[in-house]
Participant: 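Let me begin by handing over the structure; questions about it come next.
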Number of protein chains: 2
Amino acid sequence: MDYSIEFLTRRLKSKAIRPSYQRIKVLEYVHQKGGHPTADDIFRALSGDIPSLSKVTVYNTLHTFVKAGLLRVVDIDDGEKRYDVTLADHGHFQCEACGTIFNFRVNIDQVPIEGLERFEITQKNVYFKGLCPNCLQPTANGRKEEAR
Amino acid sequence: MDYSIEFLTRRLKSKAIRPSYQRIKVLEYVHQKGGHPTADDIFRALSGDIPSLSKVTVYNTLHTFVKAGLLRVVDIDDGEKRYDVTLADHGHFQCEACGTIFNFRVNIDQVPIEGLERFEITQKNVYFKGLCPNCLQPTANGRKEEAR
DNA sequence: TTCATTTTTGAAACGATTTCAAATTTATAA
DNA sequence: TTATAAATTTGAAATCGTTTCAAAAATGAA
C-alpha cells in the first residue's frame, strides 16, 4: 500500500491536522506495523528515528488521531490502551495466554437488543477473551508456538 | 430480597470463601446497592461501619469475589474498574455525559462471527457508549435530569 | 490453649497517563 | 524577509487507581 509521506500528509491535512514530522512518523508506524500497538510500542519504535521524541508527544498525537477518527482505541487490555488503524466495525479478541489481540468480523447491528430503546448509541465495542489457536495447541517440541 | 448475614455467609461458604466481617459487608453492599460501584465507592460506603477498613482489603475482597464468580468486572470506564452483581449475560452501556452505566439485554451468541473458528472463547463483553435518555432530553427548567 | 494459616492493614511502590510551563517550530501577515 | 501569534514538542513533576510488601490481627484446627 501507499504509505508515502505525501499520502500521510494528505491524510492529516484532510483532517485539519498539521503534518508535523512526529505526527507523520506515528501515522506511518501504525499503518505499516498494523496490529494493536500501545503508546509505548510506538514511542520505542520511533525513538531511533526521532531521538528528541517525547512520550508526551506520542500521547498527544494519539489523542489527536483518535479525535479525528484516524485511529480507534482498543481498551480490552487491563494495563495500557492500544490503537487500531482498522476503522471498519469489528470485534477484538485477546488471548489470555499470550496477550495478542486479534480482530474478528462481527455484525453487532444484527443482534437483538433490549433496554436501550430511548438511548443514543454512538459506539459499540465487542471484546472477547480466551485462548488463541497458537496457545491452544502446543507444538511437537512441547512448547507453545510463538504468538504471530 | 434476602441479603441477611446468614444468606451472605452461606453464599461465601458455598464458594469456599471465609465469611469475614469485611467480606460480608462488601457482599452486602454490592447486593443491596446494585449498580456498578467502583472499589472506592465501596470503600467510602463501608468506612463508616468499619473504621479500620483498608482499601487494600476492598481490592483483595473484590478479586476474591470475581475469581469465585460472585461478581463480574465491568471495565468500560477509562479510569476505575467497576463491579456488577448481575451474573446473567448482558451488555453495558455507559452514558458519555453523566457516566452512568446501564445494563441491557443482548444475546451475543446469536450474532454471526467470523475469524475465531479455532479460538476458545471464555469471555464475551459488549460495551456500548452514547447518551442516556436523561442526558438526551433536557427538562423544562433547562437542566438535565439527575442520572437515575 | 497452641499453632499454623488466613486475613487485614498502612506504607510504599508501581505504571500508565496527564498536567504544566518553557522552548521550539510553524503559519500568517506585514 | 521579518515580525508576530499560534500551535507543537518537550522533560519534569504530578496524578491516580492499583499492587506489593511485611507486620499485626483474626481465625480454624488439633
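Protein chains get the first letters and strands the later ones, always in sequence-line order, with residue 1 at the start of each.
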Participant: Return the nearest nucleotide to the side chain of A:Val56; candidates are C:dT18, C:dT7, C:dT26.
Facilitator: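 Per side-chain heavy atoms of A:Val56, the pick is C:dT18.
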Participant: Work out which heavy atom in B:Pro19 is nearest to a heavy atom in B:Ile24; give both atom names and the distance.
Facilitator: O-CD1, 3.6 Å
Participant: Select from B:Ser54 and B:Asp78 the residue whose nearest nucleotide in DNA chain C is closer to the 5' end of that strand.
Facilitator: B:Ser54
Participant: Atom CD1 of A:Ile24 and atom C1' of C:dT25: how far apart are they, to the nearest Å?
Facilitator: 14 Å
Participant: To the nearest Å, give me how far apart CZ (B:Phe43) and P (C:dT8) are.
Facilitator: 14 Å
Participant: Look at the rings of B:His31 and B:Tyr3 and say which category their plane angle falls in: under 30° parallel, 30 to 60° tilted, over 60° perpendicular.
Facilitator: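 Tilted: the ring planes of B:His31 and B:Tyr3 meet at 30° to 60°.
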Participant: Heavy atoms only, 4.0 Å cut-off, all strands: where does A:Asp40 land among base, sugar-phosphate and nothing?
Facilitator: nothing
Participant: What integer distance in Å separates B:Asp49:CG from C:dT8:P?
Facilitator: 15 Å
Participant: Does C:dT9 have OP1 or OP2 sitting under 4.0 Å from an N or O in the side chain of B:Gln22?
Facilitator: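 Result: yes.
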Participant: Would you kindly give the CG-to-P distance between A:Leu53 and C:dT25, to the nearest whole Å?
Facilitator: 14 Å
Participant: Any chance you could measure A:Leu71, atom CG, to A:Arg82, atom CZ, to the nearest 0.5 Å?
Facilitator: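 Output value for this atom pair is 14.0 Å.
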Participant: State the NE2-CZ distance between B:His90 and B:Arg72, to the nearest 0.5 angstrom.
Facilitator: 4.5 Å
Participant: Could you state the atom-to-atom distance from CZ of A:Arg82 to P of C:dA16 in whole Å?
Facilitator: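 Between P of C:dA16 and CZ of A:Arg82: 11 Å.
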Participant: What's the spacing between B:Phe128 CZ and A:Gln123 CD if we round to 0.5 Å?
Facilitator: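 Answer rounded to 0.5 Å: 10.5 Å.
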Participant: Give a yes/no answer on whether the side chain of A:His63 brings an N or O atom under 4.0 Å of OP1 or OP2 in C:dT18.
Facilitator: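 For C:dT18, OP1 or OP2 has a side-chain N or O of A:His63 closer than 4.0 Å.
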Participant: What nucleic acid atoms does B:Ser20 come within less than 4.0 Å of, heavy atoms only: base, sugar-phosphate, or nothing?
Facilitator: sugar-phosphate
Participant: C:dT9 phosphate, OP1 or OP2: any side-chain N/O from B:Thr57 under 4.0 angstrom?
Facilitator: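 For C:dT9, OP1 or OP2 has a side-chain N or O of B:Thr57 closer than 4.0 Å.
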Participant: Are more than 12 heavy atoms from other residues, nucleotides or ligands located less than 6.0 Å from atom NZ of B:Lys15?
Facilitator: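 Yes - once you tally the heavy atoms of other residues, nucleotides and ligands closer than 6.0 Å, there are more than 12.
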Participant: Reckon B:Thr38 touches a base, only the sugar-phosphate, or nothing at all at heavy-atom distances under 4.0 Å?
Facilitator: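 The answer is nothing, as B:Thr38 stays clear of every strand by at least 4.0 Å.
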Participant: Could you check B:Pro19 against B:Glu80 and say which one's nearest nucleotide on DNA chain D is further toward the 5' end?
Facilitator: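 Result: B:Glu80.
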Participant: How many Å lie between CG on B:Leu12 and C1' on C:dT6, as a whole number?
Facilitator: 15 Å
Participant: Which pair of heavy atoms, one from B:Leu136 and one from A:Arg118, lies closest together, and at what distance?
Facilitator: CD2-O, 3.6 Å
Participant: In this structure, how many angstroms lie between the C1' atom of C:dT19 and the OH atom of A:Tyr59, rounded?
Facilitator: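 So the two atoms are 13 Å apart, to the nearest Å.
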Participant: In this structure, how many angstroms lie between the C1' atom of C:dT24 and the CZ atom of A:Arg18, rounded?
Facilitator: 12 Å
Participant: For A:Lys55, which contact category applies under a 4.0 Å heavy-atom criterion: base, sugar-phosphate, or nothing?
Facilitator: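 Result for A:Lys55 = nothing.
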Participant: Taking ring pair (Phe, Tyr, Trp, His ring centres under 6.0 Å) as the definition, give me every residue that meets it alongside A:Phe119, ordered by chain and number, with sequence neighbours left out.
Facilitator: B:Phe93, B:Phe102
Participant: When you list every nucleotide of DNA chain D with an atom under 4.0 Å from a heavy atom of chain A, which one comes first 5' to 3', and which comes last?
Facilitator: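 The contacted stretch runs from D:dA7 to D:dA12.
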